[in-house]
Amino acid sequence: MRDRIYFNEVVTRDGFQMESRFVPTDQKVALINELSRCGFAQIEVTSFTSAKAIPMLADAAEVMDRITRVPGVAYTVLIPNLKGAERAMQARPPDEFNLVMSVSETHNLANLRMSRERSFSALQEVIERFGASVPMNVSLSTSFGCPMEGAVPYQEVLRWSQRFVDLGVRGLTICDTTGMAHPDQVDQLCRLLQERLPEVRLTLHFHNPRGMGLANVLAATKAGITHFDGSLGGLGGCPYAPGASGNISSEDAIHMLNAMGYDTGIDLVALLRVARGLPLLVGHEVSGQVVKSGQISDLHPVSQSVRDLLATAG
């Protein structure tokens with residue numbers, strides 16, 4: 001068995017934020033409870049963002065209050081600012097805050113309506129106010145490329161990573177928000193970050209609009225990364241990044257890694273059972289492939305005509 005790989009399921013936050021049809025709170029809670037029993041290390045439940053900006057997540061406090069927490073699973077929430085953090089702490093507190101800003105100035109302005117420096121200051125407030133009570137992770141969007149600016153220099157990713165590490169965060173999520181990453185780029189940046197920040201938990205977050213998501217997961221594992229985000233059915237994307245629809249499918253990535261001998265800790269049979277109900281929940285087909293084709297270990301029965309040929313050949 002190879003290294004242990006840890007997955008953070010983000011479908012009910014990152015996945016649902018792109019859906020136009022509201023998923024009722026009861027169904028969100030039921031889905032999170034099902035996912036909790038599949039063996040995920042972490043589930044990003046929701047975001048305490050503006051209900052006006054993302055109506056789908058207006059029920060964040062109720063969802064956090066109602067889910068059944070399974071021992072060994074960390075339940076996290078995305079926090080955009082101090083006001084969101086205060087709301088999150090008024091509900092049933094999460095196991096971790098996930099803060100977010102973009103490495104690209106243009107994307108940060110499009111997504112958060114402020115400069116990177118203003119974002120950093122706002123997130124610093126959250127860390128200083130609640131860092132002693134709640135572990136902090138920072139997601140750095142567009143770390144592999146910006147659809148408006150193009151390639152993002154590695155040194156920019158390293159610079160912003162170091163600034164947050166200096167504030168005491170325990171983890172960083174390096175995000176391919178627009179699906180612009182390729183395996184060589186992933187390998188190089190992962191090795192640089194691990195060399196520069198060996199004490200920090202690094203999570204990789206890939207999108208798949210150009211079909212390179214699973215190849216990038218594999219490149220990251222080969223570079224020593226053991227933590228990944230994934231979204232059931234491949235749902236999700238960034239509403240402020242053109243062409244960025246579609247996260248990697250959790251079940252497809254987990255199936256690949258399991259087949260290669262990695263220990264993901266996931267009950268894939270149970271996860272595929274949950275994934276089969278996702279199209280009905282969101283009202284459309286999803287991009288996950290294993291749920292349609294089956295695992296590579298699922299063999300088909302041999303027809304009688306082929307049995308006869310085998311007997312003749314023998």
Side-chain angles (χ1 to χ4, degrees), residues 7-36 38 40 42-67 75-80 84 87-88 91 94 98 100 107 110-112 139 141 147 173 175-179 205-211 213 228-253 271-292:
F7 267 86
N8 175 33
E9 176 56 59
V10 302
V11 66
T12 54
R13 198 283 298 172
D14 195 344
F16 282 178
Q17 75 175 8
M18 293 291 286
E19 295 298 313
S20 57
R21 189 174 81 175
F22 186 79
V23 176
T25 305
D26 287 348
Q27 294 181 15
K28 289 174 183 164
V29 171
L31 176 58
I32 293 163
N33 289 345
E34 287 184 295
L35 292 169
S36 293
C38 290
F40 284 100
Q42 189 164 297
I43 297 174
E44 188 174 66
V45 175
T46 187
S47 173
F48 284 84
T49 189
S50 162
K52 182 178 180 181
I54 305 181
M56 175 67 80
L57 305 180
D59 55 359
E62 184 178 357
V63 171
M64 284 299 293
D65 286 341
R66 290 178 53 191
I67 58 173
Y75 297 89
T76 75
V77 295
L78 185 115
I79 298 295
R87 286 178 53 215
N98 183 28
V100 62
H107 182 263
N111 188 22
L112 301 175
S139 288
S141 301
T173 299
C175 303
D176 181 27
T177 313
T178 63
H205 177 108
F206 293 114
H207 286 223
N208 195 44
R210 295 171 178 86
F228 293 92
D229 287 352
S231 181
L232 193 71
L235 286 187
C238 176
Y240 303 104
S245 61
N247 288 274
I248 60 165
S249 161
S250 297
E251 62 271 26
D252 290 356
L271 182 60
L272 290 173
R273 187 163 54 245
V274 177
R276 289 188 187 99
L278 190 60
L280 183 62
L281 186 63
V282 297
H284 60 80
E285 289 300 312
V286 299
S287 63
Q289 295 300 305
V290 177
V291 75
K292 302 168 187 174

Taking side-chain hydrogen bond (donor to acceptor under 3.5 Å, both in side chains) as the definition, give me every residue that meets it alongside [X], ordered by chain and number, with sequence neighbours left out.
X      : result
Glu44  : Arg13, Asn98
Asp229 : Asn8, His205
Ser47  : none
Ser36  : Tyr75

- Between the side chains of Asp59 and Thr25, is a donor N or O closer than 3.5 angstrom to an acceptor N or O?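 Short answer, yes.
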- Item | Non-neighbouring partners of Val291 that pass side chain to side chain contact (heavy atoms under 4.5 Å, CB included), sequence neighbours left out |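 So Val291 forms a side chain to side chain contact (heavy atoms under 4.5 Å, CB included) with Leu272, Ala275, Arg276.
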- Task: Applying side chain to side chain contact (heavy atoms under 4.5 Å, CB included), name anything that partners Asp26, two or more places apart in sequence or on another chain.
- Result: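 Arg66.
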Looking only at non-hydrogen atoms, find the nearest pair between [X] and [Y] and report the distance.
X      : Y      : value
Gly179 : Arg210 : O-NH1, 3.0 Å
Glu9   : Ser231 : OE2-CA, 3.2 Å
Val100 : Leu112 : O-CD1, 3.8 Å
Cys38  : Val274 : SG-CG2, 4.1 Å
Pro80  : Phe48  : CD-O, 3.3 Å
Val286 : Lys292 : O-NZ, 2.8 Å

Nearest 0.5 Å, please: how far is [atom2] in [Y] from [atom1] in [X]?
X      : Y      : atom1 : atom2 : result
Leu35  : Ile43  : CG    : CD1   : 5.0 Å
Asp14  : Leu232 : CG    : CG    : 12.5 Å
Leu31  : Asn33  : CG    : CG    : 9.0 Å
Arg273 : Glu251 : CZ    : CD    : 13.5 Å
Phe228 : Asn247 : CZ    : CG    : 14.0 Å
Leu57  : Thr46  : CG    : OG1   : 4.5 Å

- Message: Is there a side chain to side chain contact (heavy atoms under 4.5 Å, CB included) between Leu271 and Phe7? Walk through the geometry before answering.
- Response: CA-CA 12 Å; Leu271 182 60; Phe7 267 86; over 6 Å; no
- Side-chain contact, heavy-atom cut-off 4.5 Å: Thr49 with Leu78?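 Contact flag for Thr49/Leu78 side chains = no.
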- Task: Say whether, by atom type as modelled, one donor and one acceptor occur between the side chain of Asp252 and the main chain of Gln289 under 3.5 angstrom.
- Result: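 Pair found, side chain donor or acceptor close to backbone of Gln289.
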- Task: Ignoring hydrogens and angles, tell me if any N or O in the side chain of Ser250 forms a donor-acceptor pair with the backbone of Gly234 under 3.5 Å.
- Result: no
- CA sep, side-chain torsions, deciding dist, call: Lys28, Phe22, side chain to side chain contact (heavy atoms under 4.5 Å, CB included): CA-CA 10 Å; Lys28 289 174 183 164; Phe22 186 79; 3.6 Å; yes
- Message: If you apply the rule side chain to side chain contact (heavy atoms under 4.5 Å, CB included), what do you find for Met64 with Arg87, and how did you get there?
- Response: CA-CA 11 Å; Met64 284 299 293; Arg87 286 178 53 215; over 6 Å; no
- Give the intermediate values and the outcome of side chain to side chain contact (heavy atoms under 4.5 Å, CB included) for residues Phe16 and Val282. CA-CA 8 Å; Phe16 282 178; Val282 297; 4.0 Å; yes
